[in-house]
*Asks:* 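Can you keep this structure in mind? I'll have questions shortly.
These numbers were taken from a predicted model, which means no experiment stands behind them.
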Amino acid sequence: MDEWADRQDAVRTSDRRPDDGTAPADEAPGAAAARGGRRPARDRAELAFFTDEGAPARLLAAYWGDLPPGQQRHVLRTRPMTLGEDWRVMQYRLAHTVRGDHRARDRLEAEVGVGLAVRRAFGDAPYHQLFARLGGYHLDVREPFVFYEPARGRPLAVLAGRATVKEQERIRSELVLAVRLLEAVGVVHRGLTPHSVRWDGRHVRLPEPCLATRAGHPREALGEAPWASPEQRAGHGTADPRDDLWSVAQVMYHLVTGREGEPDGAPRDLARLPSLGVLAGAFAPRAAERGHPVEVLRMLNRQDPLQGRPLPADPLEPGRRVFDEELARKRAELELGGDREAVPEPGGRGPGRGLRALFGTGRTGTGGRR
């Protein structure tokens with residue numbers, strides 16, 4: 001089912017790429033009434049963006065006030081929006097006042113790239129609900145942005161120490177599956193905590209991939225104990241999908257016991273928690289000592305859904321190349337450079353993590369695949 005067909009009365013598409021993020025609308029600012037008890041929208045304008053299928057689109061957007069910055073997105077501005085009649089989304093944008101922060105821009109581009117890669121690979125699969133649903137984006141405007149459909153459920157932290165055995169088993173299985181699927185597209189999420197992963201009673205949902213990187217890229221020193229692995233917090237070595245397995249093990253320990261685990265290894269009471277036995281190896285302080293996600297799935301008696309089923313070919317590769325060329329031309333005009341390096345971490349770490357750095361030349365993510 002094509003969800004965009006359902007919105008065709010509200011969307012105006014164009015044969016050319018949008019030339020700006022917004023266009024003035026005929027309706028006066030603040031004309032839309034608040035829904036659900038929210039305060040009236042501050043502004044109303046037409047928003048130009050790309051859908052997750054790569055199509056240029058325009059919708060009338062009602063903007064709500066900016067929210068306090070989150071810990072993982074302190075550089076970006078966050079605000080709810082209502083697109084068209086009732087499509088509610090959350091937008092994250094890079095303010096024009098910090099456009100010179102190449103590291104922040106690279107991270108936003110990488111986030112969009114991950115979101116599109118997940119949509120291309122798993123958008124029509126029964127497990128697409130495990131991931132944040134990217135609704136649209138635009139990177140070549142004054143304030144680059146990405147937006148998502150609303151998160152379902154509640155943070156796992158709310159269930160800590162109170163989840164039923166059945167819930168624990170379901171959550172554990174789906175978290176390991178999600179890490180396995182990300183591994184298949186070469187992505188390490190790096191943002192899994194009991195406060196960011198959500199549960200709606202049926203499925204988990206990973207948070208937006210604002211910290212994601214490609215497997216094999218140099219690790220950055222980021223994350224907090226015990227949720228981030230010791231190697232990730234120290235910024236040693238290269239990113240590995242088994243970094244996310246560490247996070248899954250720590251999240252599950254918190255869910256089962258209501259306590260935080262040890263920052264550098266297995267919790268002391270692990271042997272008394274049979275439900276976590278299958279994750280015992282994931283508490284190893286080094287990624288090389290942990291099992292791979294597919295091995296953990298096997299221990300859970302769950303079949304690898306990608307076994308014998310390679311990921312589908314990307315039908316939008318030619319369009320991505322055209323987008324790359326156009327983006328490179330505009331960056332040259334603005335003297336932004338091409339594959340620039342991000343501002344290094346202390347100690348000189350880190351190549352740029354833009355879309356090219358994440359997925360390689362020609363895969364900058366102008367579209368998705370359902």
Side-chain angles (χ1 to χ4, degrees), residues 71-72 130 153-183 188-199 201-207 211 215 219 221-304:
Q71 184 177 7
Q72 294 183 344
L130 300 177
R154 301 178 296 168
L156 288 181
V158 176
L159 288 176
R162 299 190 297 109
T164 67
V165 172
K166 186 176 181 180
E167 287 174 328
Q168 293 173 21
E169 292 175 349
R170 179 75 174 181
I171 291 168
R172 179 187 61 188
S173 177
E174 291 205 338
L175 285 175
V176 175
L177 173 61
V179 172
R180 163 61 183 138
L181 296 176
L182 290 178
E183 177 190 39
V188 182
H189 193 286
R190 305 193 302 180
L192 306 182
T193 77
H195 311 288
S196 63
V197 177
R198 306 180 78 89
W199 169 250
R202 297 181 59 196
H203 299 289
V204 300
R205 203 207 75 162
L206 271 57
L211 299 180
R219 286 189 181 98
L222 58 80
E224 295 183 353
W227 321 121
S229 71
E231 292 168 308
Q232 180 176 308
R233 300 196 312 268
H236 294 160
T238 57
D240 190 301
R242 291 171 289 184
D243 296 345
D244 286 340
L245 275 185
W246 165 280
S247 300
V248 168
Q250 294 289 348
V251 167
M252 286 305 305
Y253 179 80
H254 183 65
L255 181 69
V256 171
T257 68
R259 302 187 298 273
E260 293 187 2
E262 299 294 327
D264 299 311
R268 296 182 179 89
D269 58 347
L270 182 61
R272 298 196 298 271
L273 301 170
S275 63
L276 298 183
V278 71
L279 295 174
F283 289 100
R286 297 179 62 250
E289 300 168 352
R290 303 173 203 136
H292 290 276
V294 68
E295 296 170 347
V296 180
L297 274 181
R298 191 178 303 119
M299 294 171 64
L300 291 169
N301 295 318
R302 181 155 187 173
Q303 185 178 3
D304 177 12

*Asks:* So does Ala228 get a backbone contact from the side chain of Gln250, meaning a donor-acceptor N/O pair under 3.5 Å?
*Replies:* no
*Asks:* At their closest point, which heavy atom of Gly191 faces which heavy atom of Pro207, and how far apart are they?
*Replies:*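 Heavy-atom minimum between the residues: O-CG, 3.5 Å.
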*Asks:* Can you name the residues that form a salt bridge (Lys or Arg N to Asp or Glu O under 4.0 Å) with Glu295, not counting sequence neighbours?
*Replies:* none
*Asks:* Is it true that His292 and Arg180 share a donor-acceptor pair across their side chains at a distance under 3.5 Å?
*Replies:*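 Their side chains do not contain a donor-acceptor pair, so the 3.5 Å distance test is not met.
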*Asks:* Are Asp269 and Arg259 packed together at the side-chain level, in the sense that at least one heavy-atom pair is separated by less than 4.5 angstrom?
*Replies:* yes
*Asks:* Show, in sequence, the C-alpha distance, side-chain angles and deciding distance for Val197 and Ile171, and conclude whether the side chain to side chain contact (heavy atoms under 4.5 Å, CB included) test is met.
*Replies:* CA-CA 10 Å; Val197 177; Ile171 291 168; over 6 Å; no
*Asks:* Rounded to the nearest 0.5 Å, how far does CH2 of Trp246 lie from CG of Leu192?
*Replies:* 14.0 Å
*Asks:* What are the two closest non-hydrogen atoms of Ala215 and Pro241, and how far apart are they?
*Replies:*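 In terms of heavy atoms, the two residues are closest at CB-CD, 4.1 Å.
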*Asks:* Taking all non-hydrogen atoms of both residues, which atom of Pro263 and which atom of Ala225 are closest, and how far apart?
*Replies:* CB-CB, 3.7 Å
*Asks:* With rounding to the nearest 0.5 angstrom, report the CZ to CD distance, Phe283 to Glu262.
*Replies:*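 Between atom CZ of Phe283 and atom CD of Glu262 there are 10.0 Å.
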*Asks:* Mind checking the CG-CG spacing from Leu245 to Leu279? Nearest 0.5 Å is all I need.
*Replies:* 8.0 Å
*Asks:* Once rounded to the nearest 0.5 Å, what's the spacing between atom CG of Asp264 and atom CZ of Arg233?
*Replies:* 5.0 Å
*Asks:* Tell me, do Leu206 and Leu175 make a side-chain contact under 4.5 Å, heavy atoms counted?
*Replies:* yes
*Asks:* Quick one: do Val204 and Leu130 satisfy side chain to side chain contact (heavy atoms under 4.5 Å, CB included)? Show the steps, please.
*Replies:* CA-CA 6 Å; Val204 300; Leu130 300 177; 3.9 Å; yes
*Asks:* Could you check if a side-chain atom of Ser247 sits within less than 4.5 angstrom of a side-chain atom of His189, using non-hydrogen atoms only?
*Replies:*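 No, too far: nothing below the 4.5 Å cut-off.
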*Asks:* Is it true that atom CZ of Arg162 has more than 12 heavy atoms of other residues, nucleotides or ligands lying nearer than 6.0 Å?
*Replies:* yes
*Asks:* How would you list all residue pairs meeting ring-ring contact (aromatic ring centres under 6.0 Å, His included) that involve residues 253-273, not counting sequence neighbours?
*Replies:*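 Every pair satisfying ring-ring contact (aromatic ring centres under 6.0 Å, His included) with a residue in residues 253-273: Trp227-His254.
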*Asks:* Return the CZ to OG1 distance between Arg272 and Thr257, rounded to the nearest 0.5 Å.
*Replies:*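 It comes to 11.0 Å.
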*Asks:* Would you please name every residue forming a side-chain contact (heavy atoms from CB on, under 4.5 Å) with Ala287, sequence neighbours left out?
*Replies:* Arg219, Glu231, Asp240, Arg242, Asp243, Arg290
*Asks:* Is any side-chain heavy atom of Leu255 closer than 4.5 Å to a side-chain heavy atom of Glu167?
*Replies:* no
*Asks:* Is the closest side-chain heavy-atom distance between Asp244 and Ser229 below 4.5 Å?
*Replies:*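 The answer is no; the side chains never approach within 4.5 Å.
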*Asks:* Within the 4.5 Å heavy-atom criterion, are Arg172 and Val278 side-chain neighbours or not?
*Replies:*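 Yes, side chains in contact.
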*Asks:* Can you measure from CG (Leu222) to CZ (Arg190) and round to the nearest 0.5 angstrom?
*Replies:* 4.5 Å
*Asks:* Identify which one of Val296, Val294, Leu300, Asn301 satisfies the side chain to side chain contact (heavy atoms under 4.5 Å, CB included) criterion when paired with Arg298.
*Replies:* Val294
